[in-house]
Q: 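My structure is below; once you've seen it, I'll send some questions.
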Amino acid sequence: MSFLRAARAALPGQNCVPQIFVAYVVVAVVVLAGLSLSCGSSSHSKSGPNHNAYVTLPSRGSVLLLHISGATGAITLGAETPRVQDTTPTGIALLPSKKFLYAVNSFANTISIFKVASDGTLALSGTPTPAGGSGPNAAVIDPSGKYLLVTNNLSNTVSVFSIDAGTGALSQVGSPVPANQNPAEILITPSGKFVYVTNPDIGWITAFSFSNGVLTKVPGSPFSSVPGGGGGAFGLAVDGSERFLYVANPAASNPQPFSSTIGNISGFNIDPSTGALASIPGSPFTATNGKGPSAITVDPSGKFVYATTPGSSFSIWCFTITPTNGQLVAVTNSPFSLTAGGLFAFIDPSGNHFYIGSQDANGIAGYTYDPSTGTPTAIAGSPFSTVAAPGKMVVSE
């Protein structure tokens, strides 16, 4: 997430670029030996079909194809696209049809379009499309597959593009929409009605309604993720019923008895009519130990929330969601001291396997998890090398 900011700051004339979370995200992740160790005796081991995934490799200017075993969740490397210097692809999005993939080039301020072959390999389609802003970072496609949305971190906007279903070509819809300071992560709800963007420097969540390619500010937006501001609101996750939104705040401080833990998770009720956010009673929620959670996900069943931090000490936070009010309750033995990372965290749509991205050449940690207790268990062979540190990951299933 901070690869863009850290790298740009190193360039001549880029000293004015805000440095968000560089201290605790752009660090080498300590790889724990013996990753076949488990934090519990039972695991989630349902088998599914083999499928592909893709990760951006910012430092190599490429996108890497991954093959995932449906039986074990193990990852093997596929083909890498030709490297293009000074592009720094970060955000990535795959059409629901699986025909086209989009990679957001943060340094080049463009979006590359790739055709996806039947075997999953990628071929660049035409000339990259201008991103509509500076420092494009994260990307998401709406559930209909008609629109691509991109955060422009350095120009403080979100760009919207319509997608040609036949060619994959992008056409910008109107002008980029203001999204407050340094928009980072972006999420669209399962219905496609609402879009949420985090503003890490100021600890805000900027909210929009979304219809026919048009973003409209939600009443009351932006919403504070951390009381008093700051705290570095970053990762976003929503439950499948889109009742609850959860935000990882990597730098937030906590009162006693959790003052030794840095970072927490804010929980919000989503107004089904307007998309406005209201804090869940008891929010923010935190772990008994650890620091810096910046990636977060909700499992497909809507039972668990996982937040992840760099390193291998108290690095995977797991909570159950209280169905009646969205409150989070830590599961037994959480936080788990297993290899993790702060770049991304997601569970495949079938709910079988859990993947975490770290700033390390062993870039993806893979886990199964117990559907009753939430306890994660490392997949054999994890962590899996991605040759270079990944940016973002998307799975085709």
Q: Output yes when a side-chain donor or acceptor of Asn264 lies under 3.5 Å from a complementary backbone atom of Phe285, and no otherwise.
A: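 Side chain of Asn264 to backbone of Phe285: no pair is present.
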Q: Do the charged groups of Glu80 and Arg60 touch, with an N to O distance under 4.0 Å?
A: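 Answer for the salt bridge query: yes.
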Q: Picking from Ile188, Thr189, Val238, Thr206, what satisfies side-chain contact (heavy atoms from CB on, under 4.5 Å) with Tyr196?
A: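 That would be Thr189; it is the only one of Ile188, Thr189, Val238, Thr206 passing the side-chain contact (heavy atoms from CB on, under 4.5 Å) with Tyr196.
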Q: Is Leu148 close to Ile111 at the side-chain level, that is, under 4.5 Å between some pair of heavy atoms?
A: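 Yes, at least one pair of side-chain atoms sits under 4.5 Å.
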Q: Are any side-chain N or O atoms of Arg243 and backbone N or O atoms of Pro323, one a donor and one an acceptor, separated by less than 3.5 Å?
A: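 Judged by distance alone, yes, a pair lies under 3.5 Å.
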Q: Would you please test Leu122 and Val116 for side-chain contact (heavy atoms from CB on, under 4.5 Å) and show each step?
A: CA-CA 5 Å; Leu122 302 175; Val116 182; 3.7 Å; yes
Q: List the atom of Val63, the atom of Ala103, and the distance in Å for their closest heavy-atom pair.
A: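 Closest approach of Val63 to Ala103: CG2-CB, 4.0 Å.
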Q: Test your reading of the model: is there a side-chain donor-acceptor pair from Asn109 to the backbone of Ser134, 3.5 Å cut-off?
A: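 No, the answer is negative, given that no donor and acceptor are paired below the 3.5 Å cut-off.
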Q: For Gly133, is there any backbone N or O sitting under 3.5 Å from a side-chain donor or acceptor partner on Ser155?
A: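 Absent.
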Q: Do Phe258 and Thr288 come close enough that some side-chain heavy atom pair is under 4.5 Å?
A: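 When only atoms from C-beta onward are counted, Thr288 and Phe258 do touch, with a gap below 4.5 Å.
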Q: Checking Ile379 against Thr368 for the side-chain contact (heavy atoms from CB on, under 4.5 Å) test, could you report, in this order, the C-alpha distance in whole Å, the side-chain angles of both residues, the deciding distance, and whether it holds?
A: CA-CA 6 Å; Ile379 294 169; Thr368 59; 4.3 Å; yes
Q: Has the side chain of Lys392 got a donor or acceptor atom that lies under 3.5 Å from a matching backbone atom of Gly357?
A: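 No; zero donor-acceptor contacts below 3.5 Å.
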Q: Evaluate ring-ring contact (aromatic ring centres under 6.0 Å, His included) for Phe319 paired with Tyr246, printing each intermediate quantity in order.
A: CA-CA 11 Å; Phe319 303 84; Tyr246 299 98; 9.0 Å; no
Q: So do the side chains of Leu65 and Asn52 get within less than 4.5 Å of each other, counting heavy atoms only?
A: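 SC-SC contact between Leu65 and Asn52 confirmed.
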Q: Before giving the answer on side-chain contact (heavy atoms from CB on, under 4.5 Å), spell out for Ile205 and Phe268 the whole-Å C-alpha distance, their side-chain angles and the decisive distance to 0.1 Å.
A: CA-CA 11 Å; Ile205 305 152; Phe268 299 91; 3.4 Å; yes
Q: Does a side-chain heavy-atom distance below 4.5 Å link Pro293 with Thr309?
A: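 Counting from C-beta outward, Pro293 and Thr309 do come under 4.5 Å.
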Q: Show your working on side chain to side chain donor-acceptor pair (under 3.5 Å) between Ser241 and Asp239 and close with a plain yes or no.
A: CA-CA 6 Å; Ser241 66; Asp239 73 312; 2.4 Å; yes
Q: Determine whether a donor-acceptor pair (N or O, by modelled atom type, separation under 3.5 Å) exists between the side chain of Asn105 and the backbone of Ala108.
A: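 Side chain of Asn105 to backbone of Ala108: no pair is present.
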Q: Using modelled atom types and a 3.5 Å cut-off, is there a donor and acceptor pairing between side-chain atoms of Tyr102 and backbone atoms of Ile141?
A: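 No, the answer is negative, given that no donor and acceptor are paired below the 3.5 Å cut-off.
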Q: Would you say Tyr355 and Ile347 make side-chain contact, with heavy atoms under 4.5 Å?
A: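 Tyr355 vs Ile347: side chains apart.
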Q: Given the rule that I, L, V, M, F, W and Y join up when any side-chain heavy atoms are under 4.5 Å apart, are Val140 and Val197 in one cluster?
A: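 Yes.
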Q: Is the shortest side-chain heavy-atom distance between Tyr369 and Thr375 below 4.5 Å?
A: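 Tyr369 does not reach Thr375 side chain to side chain.
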Q: Applying side chain to side chain donor-acceptor pair (under 3.5 Å), run through Asp164 and Ser171 and close with a yes or a no.
A: CA-CA 8 Å; Asp164 185 293; Ser171 299; over 6 Å; no
Q: Only one of Val298, Ile321, Val331 clears side-chain contact (heavy atoms from CB on, under 4.5 Å) with Phe304; which?
A: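 Single pass found, and it is Val331.
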Q: Under 6.0 Å between ring centres: does that hold for Tyr306 and Phe354?
A: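 Ring-ring flag for Tyr306/Phe354: true, centres closer than 6.0 Å.
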Q: Would you say that Leu124 contacts Thr81 through its side chain, given a criterion of any heavy-atom pair below 4.5 Å between the two side chains?
A: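 Not touching, per the 4.5 Å side-chain cut-off.
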Q: Which residues pass the side chain to side chain contact (heavy atoms under 4.5 Å, CB included) test with Ala138, sequence neighbours left out?
A: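 Listed in chain order: Thr151, Glu185, Ile186.
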Q: Quick check on the hydrophobic clustering: are Val104 and Val394 connected, directly or via other members, by side-chain heavy-atom contacts under 4.5 Å?
A: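 No; Val394 is not reachable from Val104 via cluster members.
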Q: May I ask you to decide if Gly263's main-chain N or O and Thr286's side chain share a donor-acceptor pair within less than 3.5 Å?
A: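 Yes, the answer is positive, given that a donor and an acceptor are paired below the 3.5 Å cut-off.
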Q: Would you confirm whether Thr90, through its side chain, and Asn137, through its main-chain N or O, come within 3.5 Å as a donor-acceptor pair?
A: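 Yes.
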Q: Got more than 12 heavy atoms from elsewhere within 6.0 Å of CG, Asp119?
A: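 Atom CG in Asp119 is packed in, count exceeds 12.
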Q: Same cluster or not: are Met393 and Leu101 linked, directly or through other Ile, Leu, Val, Met, Phe, Trp or Tyr residues, by side-chain heavy atoms under 4.5 angstrom apart?
A: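 No, no single cluster joins them.
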Q: Compare every heavy atom of Val55 with every heavy atom of Pro390, then report the nearest pair and how far apart it is.
A: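 Closest approach of Pro390 to Val55: CB-CB, 4.3 Å.
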Q: Is any side-chain heavy atom of Lys146 closer than 4.5 Å to a side-chain heavy atom of Asn212?
A: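 No; the side chains remain at least 4.5 Å from each other.
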Q: Donor-acceptor pair, distance only, cut-off 3.5 Å: does the side chain of Trp204 make one with the backbone of Asp201?
A: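 Side chain of Trp204 to backbone of Asp201, a donor-acceptor pair under 3.5 Å: no, none is there.
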Q: Should Trp317 and Ile296 be regarded as members of a common hydrophobic cluster, given that ILVMFWY residues are connected when their side-chain heavy atoms come within less than 4.5 Å of each other, either directly or indirectly?
A: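 Yes; tracing contacts between hydrophobic side chains, which count when under 4.5 Å, links both residues.
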